[in-house]
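Before any comments, here is the structure.
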Protein chains: 2
Amino acid sequence: MNAPTPMIRLTTQRQIILEELSKVKTHPTASEVYDMVRKRLPRIGLGTVYRNLELMAENGMILKLEVGGTQKRFDATTDAHYHIRCSCCGKVDDIDIPVIESLVGAAAESSSYQILGHHVEFTGMCPECQKKEGVATIH
Amino acid sequence: MNAPTPMIRLTTQRQIILEELSKVKTHPTASEVYDMVRKRLPRIGLGTVYRNLELMAENGMILKLEVGGTQKRFDATTDAHYHIRCSCCGKVDDIDIPVIESLVGAAAESSSYQILGHHVEFTGMCPECQKKEGVATIH
DNA sequence: CCTTATTAAATAATCATTCTCAACGGTGAA
DNA sequence: TTCACCGTTGAGAATGATTATTTAATAAGG
């Protein structure tokens with residue numbers, strides 16, 4: 001009916017991007033992935049990283065997180081889970097609380113949209129920034 | 001302890017930005033607000049709109065929505081509520097389901113972050129885009 | 001091999017946002 | 001009233017993230 005998986009070839013670049021992304025539990029931005037990958041493929045281009053992260057997200061191989069902040073972030077863990085973002089340093093971590101399946105149903109009843117999914121994003125201050133808080137003013 | 005309301009002067013520009021934002025139930029981007037305001041203040045600068053939307057959000061007069069998509073959006077309704085974003089056209093609407101207060105507590109238990117707040121964002125397809133769907137391919 | 005189609009690298013272009021700075025405006029003190 | 005000050009504005013430059021373009025390398029199929 002719809003075409004979910006156009007099926008992409010696993011080139012060296014794509015494989016290494018995927019491997020590096022899978023290594024970390026953080027949720028790196030495209031340029032952080034670029035830095036990681038460049039240690040193994042020094043000649044890779046930033047555009048290639050962007051293009052392939054986008055492609056892999058479309059194919060469901062990875063997750064693209066459209067959370068607050070200025071940059072998009074990527075996650076090799078594709079099963080549904082929630083996130084928290086530090087309002088001080090922008091870091092994103094997983095929150096291990098159960099996904100509330102009933103939310104989608106509730107939303108469907110109160111809206112004329114066709115609901116496709118949902119995401120919960122907490123904001124807070126990470127332990128590192130909490131330490132700094134006492135000393136300096138948070139910008 | 002912390003300084004929540006530095007108290008800002010309500011200049012003509014700020015008042016009109018606030019008025020125009022209050023008129024709509026959509027969640028306009030900065031440049032959409034700029035377009036609205038310019039009909040009444042043709043010489044206002046885009047930078048002024050950005051600067052003041054930011055300022056008013058800091059002062060709790062309006063809400064800055066850091067939802068998915070490429071642009072930030074603003075909302076004159078400051079009480080907590082959830083949103084839905086059309087994955088096709090990017091439009092953002094309110095979702096009228098009760099805010100789940102217990103989420104923050106649950107997150108606090110499973111995380112070492114100091115939780116400050118949370119937001120639920122649904123993704124879906126708005127009625128207008130649903131109509132188009134049958135005909136054209138959604139890009 | 002030879003042809004054709006993908007993909008990559010480099011780089012230019014775009015888009016949203018922030019910054020800089022000179023000019024302006026209102027407020028309070030002299 | 002006049003002056004000096006300080007926050008604010010408007011214009012435009014600068015930045016940062018992302019996307020598009022172009023050309024070259026590479027892989028797949030015959």
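Order of the sequence lines sets the chain letters (A, B, ...), proteins ahead of strands, with each chain counted from 1.
- Ring orientation note: the planes of B:His81 and B:His27 are tilted relative to one another, at an angle of 30° to 60°.
- Between A:Asn52 atom CG and C:dT7 atom C1' the separation is 8 Å, expressed in whole Å.
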* To do: I would like to know whether B:His119 and B:His83 meet ring-ring contact (aromatic ring centres under 6.0 Å, His included); could you show each step before the answer?
  => CA-CA 8 Å; B:His119 181 242; B:His83 295 99; 5.1 Å; yes
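- Between A:Thr70 and C:dT17 there is no side-chain N or O to OP1 or OP2 distance below 4.0 Å.
- Residue A:Thr48 places at least one side-chain N or O under 4.0 Å from the OP1 or OP2 atom of C:dA9.
- Taking atom CD of A:Gln71 as the reference point, atom P of C:dA16 lies 17 Å away to the nearest angstrom.
- Nucleotide D:dT9 holds its C1' atom 6 Å from the CD atom of B:Gln13, rounded to whole Å.
- D:dA17 atom C1' lies 13 Å from atom CG of A:Leu53, rounded to whole Å.
- Here B:Arg51 does not reach the OP1 or OP2 of D:dG10: none of its side-chain N or O atoms lies under 4.0 Å away.
- Nearest to the side-chain atoms of B:Arg14 among the listed nucleotides C:dA8, D:dG10, D:dT8 stands D:dT8.
- Of the candidate nucleotides D:dT18, C:dA9, D:dT9, D:dT18 has the atom nearest to the side chain of A:Lys72.
- As rounded to whole Å, 13 Å separates atom C1' of C:dA16 from atom CZ of B:Arg73.
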* To do: Show your working on side chain to side chain contact (heavy atoms under 4.5 Å, CB included) between A:Val24 and A:Phe74 and close with a plain yes or no.
  => CA-CA 11 Å; A:Val24 297; A:Phe74 297 86; over 6 Å; no
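- Projected onto DNA chain C by closest heavy-atom contact, A:Leu46 and B:Glu54 fall at different nucleotides, the more 5' of which corresponds to A:Leu46.
- Atom CG in A:Leu10 sits roughly 12 Å away from atom P in D:dA28 (whole-Å rounding).
- When B:Lys39, B:Gln15, B:Met36 are each tested for a side-chain contact (heavy atoms from CB on, under 4.5 Å) with B:Glu20, only one passes: B:Met36.
- Dashed line: the shortest gap from a side-chain N or O of B:Arg9 to OP1 or OP2 of C:dG25 is not under 4.0 Å.
- One interatomic measurement links the two molecules: CG of A:Leu41 to P of C:dA9, which rounds to 7 Å at whole-angstrom precision.
- Contact check on A:Lys91 versus A:Glu128 returns a salt bridge, with a Lys/Arg side-chain nitrogen under 4.0 Å from an Asp/Glu carboxylate oxygen.
- The side chain of B:Tyr50 lies closest to C:dT17 when the candidates are C:dT17, D:dG7, C:dA9.
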